[in-house]
There are 2 protein chains.
Amino acid sequence: MSARQELAQEGDRPETVFLMLEGWAMRYTVMPEGGRQVLAFLMPGDFCNFHVTLLAEMDHSISAITPGLVAAIPRAQVTRLCESTQNLQRAFWWSQLVDEGVLRSWISSLGRRNSHERVAHLMCELYVRAHNIGLTRQDGSCEMPVSQLVLADALGLTPVHVNRVFRKFRLDNVLTIGRGRLIINDIDKLVQIAGFQGNYLHRRLRTAA
Amino acid sequence: MSARQELAQEGDRPETVFLMLEGWAMRYTVMPEGGRQVLAFLMPGDFCNFHVTLLAEMDHSISAITPGLVAAIPRAQVTRLCESTQNLQRAFWWSQLVDEGVLRSWISSLGRRNSHERVAHLMCELYVRAHNIGLTRQDGSCEMPVSQLVLADALGLTPVHVNRVFRKFRLDNVLTIGRGRLIINDIDKLVQIAGFQGNYLHRRLRTAA
DNA sequence: CGCAATTTTGAGGAATGTCAACCTTTGTGG
DNA sequence: CCACAAAGGTTGACATTCCTCAAAATTGCG
C-alpha cells in the first residue's frame, strides 16, 4: 500500500480481508460537517476489516498512513479457515476482544481525561503496542509516523492544542516528538501523567480452568 | 439482580457469563482520580462479559442500573457450546462485532460531537436499541431508567451540563425526559441534531456470497 | 531550490466545567 | 397518612479549558 491509500470505505462490502504486515494505517469516520474522528491505529499484525466476514458493510473507513504492505485474503477463505480450525478461530476471536478493550480505553480517554492525560495515554499505548511487535529501540524511542493533525483527530482535540501539549511535554522533558519519531525521555513521568495501566491490552490469554 | 448490584469488577476472573434478560446495566471504569466513565449500556439480550471466555480478566466493571434478571452461564459451558455448534459461535461473534460498532460510534461522539449532538445521539441509540427488543411504546416513548448523573458519565459531560441540554430539548419540543422515561416529541429534529445513522447497529447479517 | 505540508505561536472567544444552593420527587418509618 | 430523609433534578454566577482564526516558521520532498 502507498501512503494515504484508502483500504476500505464506509458502506463498502469488501470481498477481501486485509492483514497489516508493514506500515501504519487508521480507522476513521467522517462526520456530517466534515470533521474526522480516528477510531484506531493499525500496526503490523492487526486485521483491518475482519468484520466483513460477518457484517454486511463497513461502518467506518480505513486508510493507510505510511507506505507499507498488507496481506489481502479472500473473505471466503477466512471463513473457511475459521470453520476448519478451532484454534485459529479462537485466536481471531481473541484478537477481536483485545481490540474491543482498546476501544473502551479510548472512550475513557475521550470522556474523562484532559488534553495532557489524553495525549500521554495515547503515546503510552502506541509505544507499548510498538514494543510488543518489536518496533522500539533500546533508547526508548519508536517510530511515530503520524502527523499532529491526525493525532488531533484521534484525540478529539484540535491540532493547535495538541501541539501545545507536545511543547509542554518537550519543555518538561517528558517526551519529544518529531521527524516521524517518538522519543520518551521520562517514562515514569509519562505513565504517571497518563494514569496508564496496560491491562486493557490483554497480553495474557485465559488458560483452561 | 437488584438495582446497583455489582455484576463484575475490573480485575475479576469470573467463572460465569451473564446474559441480560430483564432490566438495564452498564459497563464502566473508574479513573485514578475517582471519575467514572460509562462504556456501554446493557439491555435485555446483551451479554455482560462474554470476554471472560477468552480473556484473562475483566478490564472494566459491570453494575446493574435497575433491578432485573440475568442468566448466569458457567464459562466452561459457553466454551463447550461454541465448540460444538458452528452457528452459535457465529452468532456470538456477530454480536461481539456489533458491540464493537457501538463502541466506535461512542468514540466518534465523544471526540467530535458537541454536547447537544452527543446527548441527541445517545438518546437515538438507546431508543433504537429499546425498539429493537420491543421496549418502546406506540407514542414514541421508552423506558430510560438512567439518572442524569449516569448519562453524564456516559457522555463525558457534567450532570449540570447534561441537565441544561435536556432543558433546551424540552423547551424546543424535541424530547422530554423524566420519571424514568424518555418521550421523543420530534424524532426528525432529534435525528437531525444527532446526525444519527443507524448503520453501525448492523441489523443485517452478511449473507453468503 | 522552491513548493506543499506540517508545525509553531499569538490573541481572543465560546463551550463546558466548578461550586453552591435550592427544589422536587420518591421512599420509609412512625 | 404524615414527617422526614435521601436521591436526583434545576438554576445561577463565575472559572477554565479548549477552540477559532490567522500568520509565521520549519520541514520534507521533487
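Here is how names work: the chains are called A, B, and so on, in the same order as the sequence lines, proteins then strands, and each is numbered from 1. Please read all numbers here as calculations on a predicted model, not as lab measurements.
Rounded to 10 degrees, the angle separating the terminal axes of the helix from C:dC1-D:dG30 to C:dG30-D:dC1 is 50°, with each axis obtained from five end pairs.
In this structure, the side chain of A:D139 engages the main chain of A:S141 through a donor-acceptor pair within 3.5 Å. Using modelled atom types, one side-chain atom of A:Q37 and one backbone atom of A:A154 make a donor-acceptor pair closer than 3.5 Å. Looking at A:R118, its side chain does come within 3.5 Å of a backbone N or O of A:R113 through a donor-acceptor pair.
Whole-Å rounding puts the A:L151 CG to C:dT6 C1' distance at 12 Å. One atom, CD of A:E33, and another, P of D:dC19, lie 16 Å apart when rounded to the nearest Å. Atoms NE2 (B:H116) and P (C:dA15) sit 9 Å apart, rounded to a whole Å. Following rounding to the nearest Å, B:R181 (CZ) and C:dT25 (C1') show an atom-to-atom distance of 18 Å. Per the geometry, CZ belonging to A:R179 stands 14 Å off C1' belonging to C:dT8, to the nearest Å. When the C1' atom of C:dT9 is taken as reference, atom CD of A:Q148 falls 13 Å away, rounded to whole Å.
Counted by atom type alone, B:E125 and B:W106 present one or more donor-acceptor pairs between their side chains at under 3.5 Å. Judged purely by distance below 3.5 Å, without hydrogens or angles, the side chains of B:T53 and B:T79 never pair a donor atom with an acceptor atom. Looking only at atom types and distance, the side chain of B:H161 has a donor-acceptor partner in the side chain of B:S115 under 3.5 Å away. A:E100 and B:Q96 share a donor-acceptor pair across their side chains, judged by distance under 3.5 Å alone.
Contact between the side-chain N/O atoms of B:S115 and the OP1/OP2 oxygens of C:dA15 is not found at any separation under 4.0 Å.
At a threshold of 4.0 angstrom between heavy atoms, the contacts of B:R4 are confined to the sugar-phosphate backbone, with no base atom among them.
Ring centers of B:F169 and B:H116: under 6.0 Å apart, within the cut-off. Ring to ring, A:F47 and A:F18 are not that close: their centroids are 6.0 angstrom or more apart.
Near DNA chain D, defined here as any heavy-atom distance below 4.0 Å, the residues from residues 155-177 of chain A are A:G156, A:L157, A:T158, A:V160, A:H161, A:R164, listed numerically.
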